[in-house]
Peer 1: 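The structure under discussion is supplied below as C-alpha cells; questions concerning it will follow.
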Amino acid sequence: MSETTTPALQYRFDGPEDAPVLILGPSLGTTWHMWDRQVPDLVKQWRVFRFDLPGHGGAHAYPAGSVGDLTDRLLATLDRFGVQRFGYAGCALGGAVGMELALRHPDRLASLALIAASPRFGSADEFRQRGVIVRTNGLDPIARTSPDRWFTSGFAAAQPAITDWAVQMVRTTDPGCYIAACEALAAFDVRAELASVGVPTLVLVGSDDQVTGPAEARTLVAGIPDARLAVVPGASHLVPVEQPAAVTDLLVRHFSTAWQPAFDSATGQTAIPAAPGKPVLAAAPPQPVPIAEIAPAVPTPQTAVRTDPYDAGIKVRREVLGDAHVDGVLAQADDFSADFQELLTRYAWGEIWDRPGLDRRSRSVASLTALVAGGHLDELASHTRAALRNGLTPSEIKEVLLQAAVYCGVPAAGSAFKVAQQVIREETTPTE
C-alpha cells in the first residue's frame with residue numbers, strides 16, 4: 001500500500017442508485033450491522049451507505065489515530081463513487097465523525113444526526129487507560145463488559161442472542177485498531193466549536209445511557225445553532241439496537257424535513273429544492289482543477305521568532321502523565337512552588353519531551369532507567385503510568401527494570417519493582 005494513499009473503509013450500499021445518499025456511522029467496537037433494523041425503512045427514500053471502522057467486522061487493520069483521519073478515509077471512500085453531498089447519522093465515535101464533517105467539510109453535509117454522542121467523550125485518561133487494558137489483557141475484558149455499557153439490564157436479560165452478538169463484535173475487533181480509536185476519542189474535543197456547526201442537526205440519546213447520556217446531549221443542543229433533542233425512553237448507549245423502531249422513525253422525520261440544499265460558491269446563492277421537504281440529490285461532482293502549489297515563506301534568521309514552549313509542554317505533560325496527575329500537581333502549587341512547576345512544564349516537557357529525536361516509548365525507557373538510578377521512587381510511579389500510556393507493555397517495563405538492576409544496582413531495582421508492580425496492577429486490572 002502506498003504511503004500517500006488514504007486507505008479506503010469497508011463499506012456497503014443499500015437502496016436505489018439514484019436516491020440521495022444517507023450515511024450511517026458505527027460506534028466503537030461495533031460493525032455496520034448495528035444499523036440492520038433501520039435499513040429497510042431508510043432505503044425507501046435514500047441510498048444508504050454503511051461503513052466499518054478500521055479493524056472492525058473483518059475490515060483491514062489500518063489504525064486511524066484521530067477522528068480527522070477516520071473522516072478523511074470516509075471522504076476518500078465516498079469520492080470513489082462520486083458522492084459529494086450526503087446526510088449523515090453517527091453513533092458515539094460515528095457521531096464524532098459527523099461533527100468533524102460538519103466543522104471541517106460543511107460543503108459535503110446536507111443534514112446531521114448525532115446519536116449517543118458528545119463534544120468530548122469522557123476524559124482523555126479514561127480512554128488511554130482503556131487502551132492500556134487492551135494492550136495488556138486483549139479485548140476480552142472489554143468485550144465481556146460491553147453489554148453493561150450498551151444496553152439496559154432488562155434488554156440484556158431479555159435478548160441473550162443480541163447480548164452474545166455484541167460481545168463477539170468486540171472480541172473479534174483488531175486490538176491495535178481499537179487502541180488507536182481510543183486514542184482518537186481521547187484527543188477529541190470540539191466544545192468550543194459547536195456554534196460553527198451550520199447544518200440542521202438531530203441530537204438523539206437513550207434516557208438510560210450511562211456513557212454519553214442526556215447531559216451530553218443537552219450540551220450539544222445548547223451549542224449547535226440549529227439542533228433538536230430527542231430522548232428515547234427505555235434505551236441505553238446503543239439505542240439504534242435497543243429501540244430500533246423509535247430511532248428509525250426519528251431519523252426518517254429528521255432527514256425528510258431537514259435536508260439543507262447545497263450552497264453555490266460561484267453565485268453566492270443556495271439552490272431552491274425542486275420538492276420542498278424532500279432530500280435533494282446532488283449533481284455529479286465537477287472534475288478536479290489542478291491548483292498551483294505555493295511554497296510557504298521561510299523567515300530569515302533576523303525575523304524568526306522563537307515560540308514559548310509552555311503551551312506545547314502542558315499538552316505533552318497531560319498526554320504522558322494524565323490529566324488527573326497534572327491537575328493534582330498544579331492544584332498543590334503555591335507562591336513558593338508555582339515557578340518550579342512552570343519551569344518543569346516549559347523546559348522538561350516543552351523543550352525535551354516534545355523534541356522529535358526520540359519517540360515517547362524511547363523517552364519512557366530512558367526516564368524509567370534514570371529514575372531507578374537516582375532512587376526517585378515517587379516519580380517512578382507516575383512515569384510507570386506514563387510508560388503504559390506511551391505504549392510500553394508490562395513485560396517491556398519488566399525488562400527495563402531488569403536491565404537497570406545490572407547497571408544501577410539490585411537494591412534500587414528491587415524497590416523499583418515494588419512500585420511498578422503496584423502501578424501495573426492498578427492500571428491493567430479491568431473494571432467490572
Peer 1: Report, as yes or no, whether the 6.0 Å neighbourhood of atom CZ on R149 holds more than 12 heavy atoms from other residues, nucleotides or ligands.
Peer 2: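 Count over threshold, so yes.
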Peer 1: For R253, check side-chain contact (heavy atoms from CB on, under 4.5 Å) against everything at least two apart and list the hits.
Peer 2: D249, L250
Peer 1: With distance as the sole test, does H33 use its side chain to make a donor-acceptor pair with the main-chain N or O of G57 at under 3.5 Å?
Peer 2: no
Peer 1: Please determine, by modelled atom types, if R361 and S364 share a side-chain donor-acceptor pair under 3.5 angstrom.
Peer 2: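 Looking only at side-chain atoms, S364 and R361 do not form any donor-acceptor pair under 3.5 Å.
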Peer 1: In chain order, what residues pass the side chain to side chain donor-acceptor pair (under 3.5 Å) check against D359, with sequence neighbours excluded?
Peer 2: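 Expected list: S362.
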Peer 1: Assess the residue pair L28 and Y178 against the criterion (side-chain contact (heavy atoms from CB on, under 4.5 Å)); give the C-alpha distance rounded to whole Å, side-chain angles, the decisive distance to 0.1 Å, and a yes or no.
Peer 2: CA-CA 8 Å; L28 174 61; Y178 190 97; 3.7 Å; yes
Peer 1: Carefully, step by step, assess E183 and F127 under the rule side-chain contact (heavy atoms from CB on, under 4.5 Å).
Peer 2: CA-CA 7 Å; E183 289 292 332; F127 281 101; over 6 Å; no
Peer 1: What verdict does the side-chain contact (heavy atoms from CB on, under 4.5 Å) test give for W35 and C91, after you've listed the backbone C-alpha separation in whole Å, the side-chain angles of each residue and the deciding distance to 0.1 Å?
Peer 2: CA-CA 10 Å; W35 297 104; C91 182; 4.1 Å; yes
Peer 1: Let me confirm one number: the CG-CZ distance from L53 to R73, rounded to the nearest 0.5 Å.
Peer 2: 10.0 Å
Peer 1: With a 4.5 Å limit on heavy-atom distance, are the side chains of H383 and R363 in contact?
Peer 2: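 Contact flag for H383/R363 side chains = no.
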Peer 1: G95 and L114: which non-hydrogen atoms are nearest, and at how many Å?
Peer 2: O-CD2, 3.4 Å
Peer 1: Which value, rounded to the nearest 0.5 Å, describes the distance between L371 atom CG and L377 atom CG?
Peer 2: 9.0 Å
Peer 1: Please check: side-chain N/O of Q210 versus main-chain N/O of D208, any donor-acceptor pairing under 3.5 Å?
Peer 2: yes
Peer 1: For H60, give me all partners under ring-ring contact (aromatic ring centres under 6.0 Å, His included), at least two apart in sequence or on another chain.
Peer 2: Y62
Peer 1: Of all the heavy-atom pairs spanning V67 and A184, show the shortest one and how long it is.
Peer 2: N-CB, 3.8 Å
Peer 1: Who pairs with D354 by side chain to side chain donor-acceptor pair (under 3.5 Å), at least two apart in sequence or on another chain?
Peer 2: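 None.
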Peer 1: For Y88, check side chain to side chain donor-acceptor pair (under 3.5 Å) against everything at least two apart and list the hits.
Peer 2: none
Peer 1: Just so I know, are the side chains of F417 and L402 near enough to count as touching, which here means a heavy-atom distance under 4.5 Å?
Peer 2: yes
Peer 1: So, the side chain of H56 versus the backbone of T30: is there a donor-acceptor pair under 3.5 Å, distance only?
Peer 2: no
Peer 1: Partners of Y11 by ring-ring contact (aromatic ring centres under 6.0 Å, His included), sequence neighbours excluded?
Peer 2: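 Listed in chain order: F49, F81.
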Peer 1: Which atom pairs, one a donor and one an acceptor, fall under 3.5 Å between side chains of residues 185-200 and the rest of the protein, sequence neighbours left out?
Peer 2:
{"residue": "D189", "atom": "OD1", "partner": "R191", "partner atom": "N", "Å": "3.2"}
{"residue": "D189", "atom": "OD1", "partner": "R191", "partner atom": "NE", "Å": "2.9"}
{"residue": "D189", "atom": "OD2", "partner": "R191", "partner atom": "NE", "Å": "3.3"}
{"residue": "D189", "atom": "OD2", "partner": "R191", "partner atom": "NH2", "Å": "2.7"}
{"residue": "E193", "atom": "OE1", "partner": "R104", "partner atom": "NH1", "Å": "2.6"}
{"residue": "E193", "atom": "OE1", "partner": "R104", "partner atom": "NH2", "Å": "3.2"}
{"residue": "E193", "atom": "OE2", "partner": "R104", "partner atom": "NH2", "Å": "3.1"}

Peer 1: For E216 and G213, indicate whether the former's side chain and the latter's backbone hold a donor-acceptor pair under 3.5 Å.
Peer 2: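 Pair found, side chain donor or acceptor close to backbone of G213.
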Peer 1: Over all heavy atoms of both residues, which pair between V372 and A416 is shortest? Give the atoms and the distance, please.
Peer 2: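 Residues V372 and A416, closest heavy atoms: CG2-CB, 3.7 Å.
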Peer 1: Which residues pass the side chain to side chain donor-acceptor pair (under 3.5 Å) test with K398, sequence neighbours left out?
Peer 2: none
Peer 1: Do H254 and S111 have a side chain donor and acceptor closer than 3.5 Å?
Peer 2: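 Yes, S111 and H254 have a side-chain donor paired with an acceptor closer than 3.5 Å.
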Peer 1: Looking only at the side chains, is there a donor atom on one of Q403 and E399 sitting less than 3.5 Å from an acceptor on the other?
Peer 2: no
Peer 1: Taking the six-membered ring of F13 as reference, does the cationic atom of R47 (NZ for Lys, CZ for Arg) lie under 6.0 Å from its centre and within 45° of its axis?
Peer 2: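 Yes, R47 lies over the aromatic ring of F13.
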Peer 1: Just verifying a value: how many Å separate E427 CD and Q422 CD, rounded to the nearest 0.5 Å?
Peer 2: 10.5 Å
Peer 1: Below 4.5 Å, heavy atoms only, C-beta onward: do L368 and T384 meet side chain to side chain?
Peer 2: yes
Peer 1: For L75 and L101: C-alpha separation, side-chain torsions, deciding distance, then whether side-chain contact (heavy atoms from CB on, under 4.5 Å) applies.
Peer 2: CA-CA 9 Å; L75 291 176; L101 287 166; 3.8 Å; yes
Peer 1: Considering residues, nucleotides and ligands other than D107, do more than 12 of their heavy atoms fall under 6.0 Å from its CG?
Peer 2: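 Counting other residues, nucleotides and ligands, CG of D107 exceeds 12 neighbours.
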Peer 1: Below 3.5 Å, can you tabulate the donor-acceptor pairs from side chains in residues 321-330 to any protein atom, sequence neighbours excluded?
Peer 2:
{"residue": "D323", "atom": "OD1", "partner": "R318", "partner atom": "NH1", "Å": "3.4"}
{"residue": "D327", "atom": "OD1", "partner": "R318", "partner atom": "NH1", "Å": "2.8"}
{"residue": "D327", "atom": "OD1", "partner": "R318", "partner atom": "NH2", "Å": "2.9"}

Peer 1: Can you name the closest pair of heavy atoms from D69 and G65 and give their distance?
Peer 2: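 Minimum heavy-atom contact is OD2-N, 3.5 Å.
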Peer 1: Nearest heavy-atom pair of A102 and L112: which atoms, and what distance?
Peer 2: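 Smallest heavy-atom distance, with atoms named: CB-CD2, 4.1 Å.
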Peer 1: With sequence neighbours left out, which residue pairs that include part of residues 19-28 fulfil the side chain to side chain donor-acceptor pair (under 3.5 Å) condition?
Peer 2: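 Counting only pairs at least two positions apart or across chains, no side chain to side chain donor-acceptor pair (under 3.5 Å) contact touches residues 19-28.
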Peer 1: Less than 4.0 angstrom from a charged side-chain N to a carboxylate O is my criterion; do R346 and E351 meet it?
Peer 2: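 Judged by the 4.0 Å cut-off on N to carboxylate O distance, R346 and E351 do not form a salt bridge.
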Peer 1: How about P63 and P54: do any of their side-chain heavy atoms sit closer than 4.5 Å?
Peer 2: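 Result no, sub-4.5 Å side-chain heavy-atom pair not found.
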Peer 1: Using side-chain heavy atoms (C-beta onward) and a distance below 4.5 Å, is E319 in contact with R360?
Peer 2: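 Yes. Closest side-chain heavy atoms under 4.5 Å.
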Peer 1: If you round to the nearest 0.5 Å, how far is NZ of K418 from CG of L401?
Peer 2: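 Nearest 0.5 Å value for the CG-NZ distance: 13.5 Å.
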Peer 1: Give every donor-acceptor pair under 3.5 Å between a side-chain atom in residues 218-241 and any protein atom, sequence neighbours left out.
Peer 2:
{"residue": "T219", "atom": "OG1", "partner": "A215", "partner atom": "O", "Å": "3.1"}
{"residue": "H237", "atom": "ND1", "partner": "D209", "partner atom": "OD1", "Å": "3.3"}
{"residue": "H237", "atom": "ND1", "partner": "D209", "partner atom": "OD2", "Å": "3.0"}
{"residue": "H237", "atom": "ND1", "partner": "T212", "partner atom": "OG1", "Å": "3.3"}

Peer 1: Can you see which heavy atom on L109 is nearest to which on G98, and at what distance?
Peer 2: CD2-O, 4.2 Å
Peer 1: How long is the span from the CZ atom in R108 to the OG1 atom in T71, to the nearest 0.5 Å?
Peer 2: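 Going from CZ on R108 over to OG1 on T71, the span is 11.5 Å.
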Peer 1: Side-chain donor-acceptor pair under 3.5 Å between R50 and Q38, yes or no?
Peer 2: no
Peer 1: Evaluate the side-chain proximity of V21 to V48: yes if any heavy-atom separation is below 4.5 Å, no if none is.
Peer 2: no
Peer 1: How would you list all residue pairs meeting side chain to side chain donor-acceptor pair (under 3.5 Å) that involve residues 157-176, not counting sequence neighbours?
Peer 2: D140-R171
Peer 1: Let me confirm one number: the CG-CG distance from L24 to L42, rounded to the nearest 0.5 Å.
Peer 2: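 It comes to 6.0 Å.
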Peer 1: Could you tell me whether a side-chain N or O of Q129 sits under 3.5 Å from a main-chain N or O of E126, the two making a donor and an acceptor?
Peer 2: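 No, Q129 side chain to E126 backbone: no donor-acceptor pair under 3.5 Å.
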Peer 1: When you measure from the side chain of R135 to the backbone of L388, do you find a donor-acceptor pair of N or O atoms at a distance under 3.5 Å?
Peer 2: yes
Peer 1: Counting C-beta onward and ignoring hydrogens, is there a side-chain heavy-atom pair between F51 and Q10 closer than 4.5 Å?
Peer 2: no
Peer 1: Using modelled atom types only, decide if a donor and an acceptor are shared between the side chain of S382 and the backbone of E379 within a distance under 3.5 Å.
Peer 2: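 Confirmed, S382 side chain pairs with E379 backbone.
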Peer 1: So do the side chains of V205 and I115 get within less than 4.5 Å of each other, counting heavy atoms only?
Peer 2: no
